[in-house]
Amino acid sequence: MDMISGTDDDYSENAESRSKLPSSKYKGVVPQPNGRWGAQIYEKHQRVWLGTFNDQEEAAQVYDIAALRFRGQNAVTNLKTTNDQDYMEKLFLTSHSKDEIVDMLRKHTYEHELEQSKQYYAASICHMDLSGSNTINPSREFLFEKVVTPSDVGKLNRIVIPKQQAEKHFAMNPESASKGLLLNFEDELGTVWRLRYCYWSSSQSYVLTKGWSKFVKEKNLKAGDLVCFWRSINMVHAHHSKLHIDCKPGNGSDFEEMQSRVDLLDPVQTGSVLRLFGVNILEKPDKLYCT
DNA sequence: CCGTGTGTTGAT
DNA sequence: TCAACACACGGG
């Protein structure tokens, strides 16, 4: 992260040091009786103590980290950030729980953990698309899309996956074929749809069955609409890739209402927001911070 | 014993 | 939500 600029000698501590403690100019930083500095952040009417430190800057940094983790990219912090290093730190922050981050801060192991994780990011940074200034898109591998048929959205509670696509992208071993597999698909809202995927030998077709009708109903899917399947690469644990499902209206369905939802929520369509590791991230980091 | 971090209050 | 202040408490 960018270092905090400024000096810290603009208060006098000699004249009346015993009675009044010097305030910090940094947000979330409080003086300690012994001359050290505490860092704290508030959440839901409660203070979360972030530890004590020798100098204000260190404490301020810790506060910033917590603020980013607790409040997201728009958090007001003591420092401003713009570069890729900072971006990786944001990824790191958003991919750990609050408890984990607070724990690291208290133990003063945060920096170490961060550096460790940056190795992962560096290793998989080639999967990222850096087109367009500071925008970093998560890796997404398009699989295929299908224009849904009337029977796909009818009462059969199944969608047929075109055989060629199914065998190419959703390979299943022979013993799974009969029972089917439970696959998790995440939609653009982050909702996970658990769908049964199996092979119907009678019709010699691959289908998504259990759970599909709920998806159809929830998404108000109509015949002619498009269902798109893709994979994302989780850059924290590079070996995991998640399956995703998105749908968009085809010609003729109630496009208006749908499109407004998509504009607000689908990062790929708008380009202003992207969803990474389950967190919405604005594309321009440089305008997000106060000084 | 001493530093930490909690209890508490009042302001924004 | 925030910082200021006092001090209880717990590890060494």
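A note on names: the letters A, B, ... follow the listed sequences, proteins ahead of strands, and every chain is numbered from 1. Remember, it's a predicted structure, so these values are computed and weren't measured experimentally. We use all heavy atoms of the structure for the numbers below, so side chains are in, but hydrogens, waters and symmetry mates are not.
OP1 or OP2 of dA4(C) sits under 4.0 Å from a side-chain N or O of S23(A). Residue K27(A) has a polar side-chain atom (N or O) positioned under 4.0 Å from OP1 or OP2 of dC2(C).
The salt bridge (charged side-chain N to carboxylate O under 4.0 Å, His left out) search around K214(A) returns none, not counting sequence neighbours. Under the rule for a salt bridge (charged side-chain N to carboxylate O under 4.0 Å, His left out), E167(A) has no partner lying at least two apart in sequence or in another chain. Applying the ring pair (Phe, Tyr, Trp, His ring centres under 6.0 Å) test to Y63(A) and every residue at least two apart in sequence or in another chain returns nothing.
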Could you pull out the protein-nucleic contacts involving nucleotides 5-8 of chain B (nitrogen or oxygen on both sides, under 3.5 Å)?
| unit_1 | atom_1 | unit_2 | atom_2 | d |
| --- | --- | --- | --- | --- |
| dG5(B) | OP2 | W49(A) | NE1 | 2.7 |
| dG5(B) | O5' | W49(A) | NE1 | 3.1 |
| dG5(B) | N7 | Q32(A) | NE2 | 2.8 |
| dG7(B) | N7 | R47(A) | NH2 | 2.5 |
| dG7(B) | O6 | R47(A) | NH1 | 3.2 |
| dG7(B) | O6 | R47(A) | NH2 | 3.4 |

What are the atom names and distances for every N/O pair under 3.5 Å that joins the protein to nucleotides 8-12 of chain C?
none

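For the pair K163(A) and Y206(A), the NZ or CZ position fails the cation-pi test of under 6.0 Å to the six-membered ring centre and within 45 degrees of the ring normal.
In terms of position along DNA chain C, the nucleotide closest to H45(A) lies nearer the 5' end than the nucleotide closest to the other residue of the pair H45(A) and P31(A).
Sparse packing is recorded around NZ of K210(A), with 12 or fewer heavy atoms of other residues, nucleotides or ligands lying under 6.0 Å away.
When rounded to the nearest whole Å, the span between NZ of K44(A) and P of dT1(C) equals 10 Å.
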Full working for salt bridge (Lys or Arg N to Asp or Glu O under 4.0 Å) between K219(A) and D225(A): CA-CA 10 Å; K219(A) 301 293 186 182; D225(A) 291 348; over 6 Å; no
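The six-membered or imidazole ring of F215(A) lies away from that of F185(A), with a centre-to-centre distance of 6.0 Å or more.
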Under 3.5 Å, side-chain donor or acceptor atoms of residues 46-54 of chain A against the rest of the protein: list the pairs with distances, not counting sequence neighbours.
| unit_1 | atom_1 | unit_2 | atom_2 | d |
| --- | --- | --- | --- | --- |
| T52(A) | OG1 | R36(A) | NH1 | 3.2 |
| N54(A) | OD1 | R36(A) | NE | 2.8 |
| N54(A) | OD1 | R36(A) | NH2 | 3.4 |

